[in-house]
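Notes follow the structure.
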Amino acid sequence: MLSQKRSASPISTTRRLAPQSVFPLNKLLSATRLALLVGFGGIALAPTALAQGTDAAPAKAQAGNSAPERLAPVVVQGRRVYAGGQLATDSRVGVLGNLDVMDTPFSTISYTEDYVENQQARDIGTLIGAADASVYVASKRSVKETFNIRGFPTSANDMTFNGLIGMAPNQRSSTEMAARVEVLKGPSTLLNGMPPEGSLGGSVNIVPKRASNTPLTSITATYESDNMPGVHLDVGRRFGDKQQWGVRFNGVYRNGDTAVDKQKQDMGLASLGLDWRGERARVSLDLYKQRERLDGINYFGIFSIAPGVTQVPTPKTGDYQLAPDWAASINNTQMAMLRGEYELSDALTLFGAWGQRDVDFDAQITRNQLLNNAGDINVNAFRLISDGTQKSGEAGVRGHFDTGKIQHKWSLVATRYTSRWNYQDGRGPSFTTNYYAPSFGPKPAFRYMGRSVEDKLGSIALVDTLSFMDGKVQWTVGTRRQNVQSSNYDAAGAQTSNYDQSRWSPATALLVKLSDQLSVYGNYIQGLNKGDPAPAAAKNAGESLQPYQTEQYELGAKLDWGSITHSLSLFQIARPSAYTSPDSNVFGVYGEQRNRGLEWSFWGEASRGLRLMGGASYTKAELTKALDPTHLGKQATGVPKVMAKLGVEYDIAALPGLTATGNAQYVGERFVRDNNQLSLPSYTLFDLGARYTTKVASKEITLRATVQNVANRAYWAGSWSGGDGSGLSGGLGAPRTLLLSGTLSF
């Protein structure tokens with residue numbers, strides 16, 4: 001148990017027993033506790049080339065060339081990174097394996113360990129949403145991480161861990177155990193398989209830390225306003241005559257008051273990464289245990305808006321508490337995962353992975369509906385107690401061969417994912433309060449109803465990348481056969497529904513390297529969601545629909561212009577939706593949301609000591625088919641049409657080791673009703689900070705300070721789950737927040 005505070009919890013002990021641990025990390029976690037803008041101008045990007053190495057002086061551009069030669073990437077701890085060290089030059093692209101950005105026919109980005117540390121981000125959404133204009137973080141410090149990619153929600157439970165689906169921490173992932181965080185934009189059923197919770201706009205992969213050849217010991221002390229101290233211990237070592245054995249441990253603990261009034265967090269993490277690397281074989285074992293408790297937490301903000309409301313309440317600054325004192329959540333996740341590969345020959349490799357995750361979750365929160373323009377809110381209290389076990393595995397073979405002048409890189413992989421959840425759903429009373437003077441009263445009594453859900457996802461995929469003209473033209477073709485089984489059971493264990501459907505998901509992509517600096521690509525790929533069962537009132541009650549098939553078409557270009565890289569993409573994603581036809585009373589797929597967008601991203605080192613990362617996006621999320629004809633052609637709820645972001649780092653030459661940092665985010669208008677009659681105004685946020693690296697007695701010390709939302713801008717974050725196509729479910733935006741950290745490395 002992480003904290004004695006739990007015994008004084010307002011959450012009662014009426015709960016299911018947590019599943020048995022896969023491995024005993026409680027002692028490990030206990031030991032960890034004790035261990036204690038800059039605007040969008042200035043992007044006339046000069047083609048300044050940098051030599052290898054972080055301390056190398058800039059090299060002169062070749063005279064007479066209209067474009068610079070593409071640079072060899074800098075190598076940091078065995079990983080290839082772009083100039084500035086913030087992004088890696090490659091990332092995992094599902095069954096295609098690790099690909100260089102310029103050889104990837106999809107839009108990807110891979111954040112490095114240094115970038116994660118310097119951002120001081122506490123969760124994945126904050127990290128990937130800081131400078132990527134295709135990512136919109138629609139809620140702040142909620143029970144569950146929620147962010148949109150390309151206008152569609154992405155669930156924290158659909159993130160992969162070291163390439164395996166369903167193995168990331170439940171609801172929220174701490175960043176301290178990540179060596180890289182990789183984002184692939186768009187649906188990815190062929191590449192990764194169907195995500196359990198049906199995320200469509202993109203996928204996120206957490207790459208766990210590994211020991212490098214250089215011994216590492218670092219201790220980081222952290223502080224977050226209003227009063228949350230913390231500590232992070234990171235230790236890595238390699239052993240053996242060839243350093244074939246590696247151990248990497250990360251332990252984190254923080255506890256205190258957040259920047260939101262009457263809100264507290266108690267979070268602990270212990271992760272252990274073991275690996276062995278031989279001449280032809282590689283094996284790794286990852287273990288982690290993460291526990292988080294949040295008090296005074298708001299999950300849904302204002303979940304929906306009644307029809308008579310004609311104006312949105314004035315937003316309060318983000319420290320305003322729009323949740324009862326008794327609202328809380330406890331979230332425990334522990335996981336063990338084994339991965340290995342063996343090279344049968346230079347042209348053939350076997351690989352496989354297996355993992356198990358155990359989860360224990362308990363939350364009591366409110367779901368609110370805005371009733372009128374006076375700010376009255378109807379409050380429904382509810383509680384969710386759950387425990388579950390997820391098992392995920394993959395096995396496959398990949399290789400390469402030539403047919404004449406055509407080179408083939410192929411993969412054949414089979415995956416299996418099973419999940420069993422036990423639930424106790426608690427329903428409390430309904431009551432009314434007011435947004436401008438909320439009063440939620442004491443914790444109510446809950447009435448409980450038990451149920452359980454069992455899901456099984458199985459698939460087999462075959463993909464081949466054909467290379468022509470010495471790799472200048474690359475054509476990828478493949479398909480995945482996905483099977484989805486789902487069963488629901490009541491409290492007595494009797495099956496109440498059963499679902500068993502399969503579907504093919506083909507994909508194809510073409511990439512052309514016009515030069516070493518310029519690649520253009522196009523792709524067609526699908527996404528899958530589990531089809532819904534018809535409701536009891538429908539003519540086809542109980543009938544399960546086939547998995548919903550989402551389609552993406554994308555065209556893009558990538559330009560590696562010396563020390564700055566640009567990525568441009570034009571995409572269309574069409575997602576079907578189901579409802580009961582008012583004419584036939586038959587439940588079926590009749591609705592559709594079609595997102596068409598343009599994205600521009602850039603990153604790198606514009607000049608020596610000046611690092612930039614950012615971009616802009618335009619997304620038209622149109623309701624092309626809808627139950628209510630007045631919604632046709634409207635912008636979907638909660639999706640901003642325009643976003644623009646910029647992150648800047650500048651090394652101060654007059655004081656070596658000092659770096660000034662800044663970030664600006666512009667988010668355009670968002671509608672909070674599908675009929676577009678209510679909207680939220682645009683907002684701009686600014687973050688400012690600095691870090692200083694020096695040595696004391698030959699030990700490296702890094703000090704970091706960041707103030708987020710410097711102006712303390714008040715705004716509604718938006719809507720990510722309106723349910724009825726309306727709402728302010730993202731709640732209020734984050735307030736001005738001070739982040740401090742100091743790292744001692746030795």
Side-chain angles (χ1 to χ4, degrees), residues 136-144 146 148 153 258-263 296-327 365-382 429-441 631 634-641 665-685 708-709 711-737:
Y136 173 49
V137 182
S139 64
K140 310 291 184 179
R141 192 58 64 83
S142 179
V143 171
K144 179 180 180 180
T146 304
N148 289 0
T258 75
V260 178
D261 188 32
K262 299 181 181 179
Q263 186 182 96
I297 190 68
N298 192 311
Y299 184 22
F300 288 113
I302 296 177
F303 184 72
S304 62
I305 301 173
V309 177
T310 59
Q311 63 185 41
V312 176
T314 303
K316 302 282 189 177
T317 54
D319 57 352
Y320 188 72
Q321 178 57 280
L322 194 57
D325 295 341
W326 46 261
I365 44 184
T366 60
R367 178 177 295 183
N368 310 320
Q369 182 185 38
L370 182 64
L371 299 175
N372 51 46
N373 292 343
D376 291 329
I377 296 174
N378 181 63
V379 180
N380 287 283
F382 68 100
S430 252
F431 56 93
T432 302
T433 187
N434 189 274
Y435 163 75
Y436 297 102
S439 177
F440 295 93
H631 295 171
K634 304 297 186 182
Q635 180 83 355
T637 295
V639 182
K641 280 190 176 182
Q665 299 185 39
Y666 170 83
V667 177
E669 179 186 35
R670 291 93 63 224
F671 293 101
V672 295
R673 272 206 183 123
D674 278 348
N675 60 14
N676 291 183
Q677 292 179 357
L678 283 177
S679 67
L680 302 174
S682 62
Y683 64 86
T684 303
L685 303 179
Q708 298 176 332
N709 192 3
N712 202 21
R713 173 70 186 267
Y715 64 99
W716 288 103
S719 177
W720 54 268
S721 178
D724 62 350
S726 72
L728 297 165
S729 47
L732 295 167
R736 181 191 296 122
T737 304

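Only heavy atoms go into these numbers, but all of them, side chains included; no hydrogens, no water, no symmetry mates. Everything numeric in this text was worked out from a predicted model, so none of it was measured.
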Problem - Val667 and Tyr715: CA distance, side-chain angles, deciding distance, side-chain contact (heavy atoms from CB on, under 4.5 Å) verdict - result: CA-CA 11 Å; Val667 177; Tyr715 64 99; over 6 Å; no
Practice task
Show your working on side chain to side chain donor-acceptor pair (under 3.5 Å) between Thr310 and Asn373 and close with a plain yes or no.
Solution key: CA-CA 7 Å; Thr310 59; Asn373 292 343; 2.7 Å; yes
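Taking CD1 of Ile365 as the reference point, atom CG of Asn380 lies at 12.0 Å (rounded to 0.5 Å). Phe300 CZ to Phe382 CZ: the interatomic distance, rounded to the nearest 0.5 Å, is 4.5 Å. One finds the CD1 atom of Ile377 at 8.0 Å from the CG atom of Leu371 (value rounded to the nearest 0.5 Å). Here the straight-line distance linking atom CG of Asn434 with atom CG of Asn372 works out to 8.0 Å at 0.5 Å rounding. In this structure, CD in Gln311 is found 9.5 Å from CG in Leu370, a value given to the nearest 0.5 Å. If you take CG on Leu685 and CG on Asn709, they are separated by 5.0 Å, rounding to the nearest 0.5 Å.
Between Arg736 and Thr317, the closest side-chain pair of non-hydrogen atoms is not below 4.5 Å. Looking at heavy atoms from C-beta onward, Tyr299 lies out of side-chain contact with Arg367 at the 4.5 angstrom threshold. Side-chain contact between Phe303 and Thr366 is absent, with no heavy-atom pair separated by less than 4.5 Å. Lys634 is not listed as a side-chain neighbour of Asp674, based on a closest heavy-atom distance of 4.5 Å or more. The shortest side-chain heavy-atom distance between Leu322 and Tyr435 falls under the 4.5 Å cut-off. Pro438 is listed as a side-chain neighbour of Tyr320, based on a closest heavy-atom distance under 4.5 Å.
Nearest approach of Ala259 to Thr737, heavy atoms of both residues: CB-OG1, 3.6 Å. Across every non-hydrogen atom of Pro640 and Gly668, the tightest pair is CB-O, 3.9 Å. Of all heavy-atom pairs spanning Ala327 and Ile297, the tightest one is CB-O, 3.4 Å. Closest non-hydrogen pair, Glu669 versus Ser679, comes out as OE2-OG, 2.9 Å. The minimum heavy-atom distance linking Pro153 with Asn148 is given by the pair CA-OD1, 3.2 Å. The two residues Trp326 and Gly441 have their closest heavy-atom pair at NE1-O, 2.9 Å.
A side-chain donor-acceptor contact under 3.5 Å links Arg670 to the backbone of Pro681. Not one N or O on the side chain of Asn378 forms a donor-acceptor pair closer than 3.5 Å with the backbone of Gln369. The main-chain N or O of Asp261 is found under 3.5 Å from a side-chain atom of Gln321 such that the two form a donor-acceptor pair. Distance alone, capped at 3.5 Å, is enough to place a donor-acceptor pair between the Thr433 side chain and the Ser439 backbone. Gln635 places no side-chain N or O within donor-acceptor distance of the main-chain N or O of Phe671, the cut-off being under 3.5 Å. In this structure, Ser142 contributes its side chain and Asn298 its backbone to a donor-acceptor pair below 3.5 Å. In this structure, the side chain of Ser719 does not engage the main chain of Val672 through any donor-acceptor pair within 3.5 Å.
Between Phe440 and Phe431, the angle of the ring planes goes over 60°, which puts this pair in the perpendicular group of the 30/60° scheme.
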